[in-house]
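None of the values given here were measured: they were computed from a predicted structure.
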Amino acid sequence: MTAKRGDNKRVALVLGSGGARGYAHIGVIDELEARGYEVVAISGCSMGALVAGVYAAGELEGYRNWVCKLDYFDVLKLVDVTWSPMGAMRASKVMSKLESLIGDMYLEDLPIPVTTVATDLVRQREVWFQSGPLLQAIRASIAVPGIITPVHTGEQILVDGGLLNPLPIIPTVSAHADLILAVNSTAQSSYPVRLEDLLPPEDAAEEQAREKVLEAQGKGFGGWISGVREQAQRMFSNHADDDPVDDTNEQAVKRRAWGRLDMMLASFDITQATLAKYKVAGYPPDVLIEIPKTVCGAYEFHRAEALIKLGRYLAIEALDRYEGRPGAVKPAADAVTVKPGTPVSEEGPPSDSMGPEKT
C-alpha cells in the first residue's frame, strides 16, 4: 500500500475505564471526526463503555451538553445511596438519564459495532457484551465493585470490566480498520500530574479560575471536599474505627461514605493502571493516548468541560505524530504515547478456554 499513514482513515477505537477521566474520550472522538477518520468499531470498559455506547447511538452531543452543565452539587444529587452489602450506590439516576438519551437500543442494531466489557465475579472472567440491550451492557460495565451495585443476570454477578481488563484492545484486533487507537485514562506517570499541567495555558487558567470559585464557596464546596480528604486519610489510620461518628448528622454520614469511596477508587485506579500496561504490551495499538490517573479523582464528574478539552488536546498531539505532521511535539509528562503499528490478524486473537464470555 502506497498511501501515507494519514490517508488511512478507518479507526478501531478502544476507550478505557477511569471514572470522570473518561470524559477525555469525548475530546478524542471530536478530533478524530474533525480529521475525517471513520470509527468502524469500538470497545469500551466502564466509563469508556458508556461513552462508546452513547456515541454509537448518535447521542454524544446530548450527553456532552448534560455533563458539561453539571457542577459538584449536581453530581451529589445523582448519587442514590443504598448501603446494600453489594454496593453503596444503585446508579439508577444516571441510568435514567442515559435511558432518556438512548432509549431501548440494542447493541446489534447500532451503526458501529460496540463491545462493552464487564467482569463475572462467579466465573472470574471477562464478559463481552456484543448483543442485547445497550443500557444493560453499560450498567454492567460501570458497576465498580463495592461502590455501585452489580448486575445479576442468571447465575452471573457482573461488575466493572476494569477489574480484569481496563483497556479492552483485543475485541478490536479483528476489525477491518487501518489503525487501532486506544485511550488509557488510568495511566501511570512518573510524578503526580494535574489537569491544569496538561492543558494549553488559556484553558488551564480558565480551569484554575473555575476551581477557585468553587473553593471560595467555603462550607458549600471547599469544606465538603476537605472533609472527604480528611476522612480518606483517617481510613488509612489505625485509629479510624475508634473515632466516634455522629450517624444522625447527614453531612457527617456523607463525608464518611465518600472518604471510603475516595480510598476504594484510588486503590482500584492503581490496579487498573498496572493491568492496562500489560494489555498494551500484549497488543500494542497504533496510537496510544494516555491520561494520567492523577489529573483528577475518578468521581470528579463536575470537570467534564476541561477533561473533554484535555482529550482533544492530547489527541491532536498524538495524531499529528502518527500522521507525521511537521512540528509535532513530544509527549508531555508521560501523558501521550504513540506505539508503532503492528500487523493485525483478521482472524482475531487465539482462542482461550478461559477467555472472555460473549453475550
Side-chain angles (χ1 to χ4, degrees), residues 13-29 31-32 42-52 117 141-142 144 160-170 172 179-200 204 207 262 264-301 303-304 306-322 329-340:
L13 192 56
V14 183
L15 305 179
S17 59
R21 294 183 298 272
Y23 284 142
H25 299 324
I26 299 174
V28 173
I29 292 171
E31 185 58 23
L32 285 170
I42 319 177
S43 65
C45 174
S46 197
M47 188 64 174
L50 191 158
V51 173
V117 179
S141 191
I142 67 171
V144 181
D160 196 316
L163 190 62
L164 290 177
N165 192 354
L167 192 63
I169 299 171
I170 295 178
T172 65
L179 72 149
I180 296 175
L181 185 151
V183 187
N184 176 17
S185 48
T186 59
Q188 293 177 330
S189 57
S190 55
Y191 60 91
V193 182
R194 301 177 309 156
L195 176 56
E196 293 83 357
D197 296 332
L198 298 179
L199 288 169
E207 178 64 9
D262 201 40
M264 292 174 70
L265 287 177
S267 302
F268 198 44
D269 276 349
I270 293 171
T271 302
Q272 291 182 100
T274 302
L275 285 172
K277 288 180 66 176
Y278 284 111
K279 298 300 180 183
V280 169
Y283 288 89
D286 299 287
V287 180
L288 174 63
I289 299 174
E290 298 204 289
I291 315 296
K293 58 185 175 60
T294 58
V295 296
C296 72
Y299 56 79
E300 293 185 54
F301 290 99
R303 306 186 75 178
L307 287 161
I308 292 171
K309 288 180 180 178
L310 175 63
R312 183 154 193 178
Y313 178 62
L314 296 181
I316 289 171
E317 291 184 340
L319 290 169
D320 278 354
R321 288 194 303 278
Y322 175 77
V329 297
K330 294 181 179 180
D334 298 334
V336 183
T337 307
V338 178
K339 300 292 184 180

Shortest non-hydrogen contact between [X] and [Y], atoms and distance:
X	Y	value
A273	T186	CB-O, 2.9 Å
G311	V28	O-CG2, 3.5 Å
V295	L198	CG1-CD1, 3.8 Å
L199	A204	CB-N, 3.9 Å
V51	G22	CG2-O, 4.0 Å

Requested in this report: Start with the C-alpha gap between R321 and V287, add the side-chain angles, then the distance that decides, and say whether side-chain contact (heavy atoms from CB on, under 4.5 Å) holds.
Outcome: CA-CA 9 Å; R321 288 194 303 278; V287 180; over 6 Å; no
Under the 3.5 angstrom rule, does the side chain of [X] hit a backbone N or O of [Y] as a donor-acceptor pair?
X	Y	answer
S46	G162	no
R312	I308	no
R21	C296	yes
S141	C45	no
S185	I291	no
H25	A49	no
Y23	F301	yes

Does any part of the side chain of [Y], heavy atoms only, come nearer than 4.5 Å to the side chain of [X], both counted from C-beta?
X	Y	value
T294	S189	yes
L181	I289	yes
L179	Y322	yes
L314	E31	no
I170	Y283	yes

Query - From CA spacing to verdict: side-chain contact (heavy atoms from CB on, under 4.5 Å), L195, L307 - result: CA-CA 8 Å; L195 176 56; L307 287 161; 3.9 Å; yes
Query raised in the report: Hey, are D269 and T271 close enough side-chain-wise for a donor-acceptor pair under 3.5 Å?
Result: no
**Report entry** Pair R303 + E196, salt bridge at N-O below 4.0 Å
**Finding:** yes
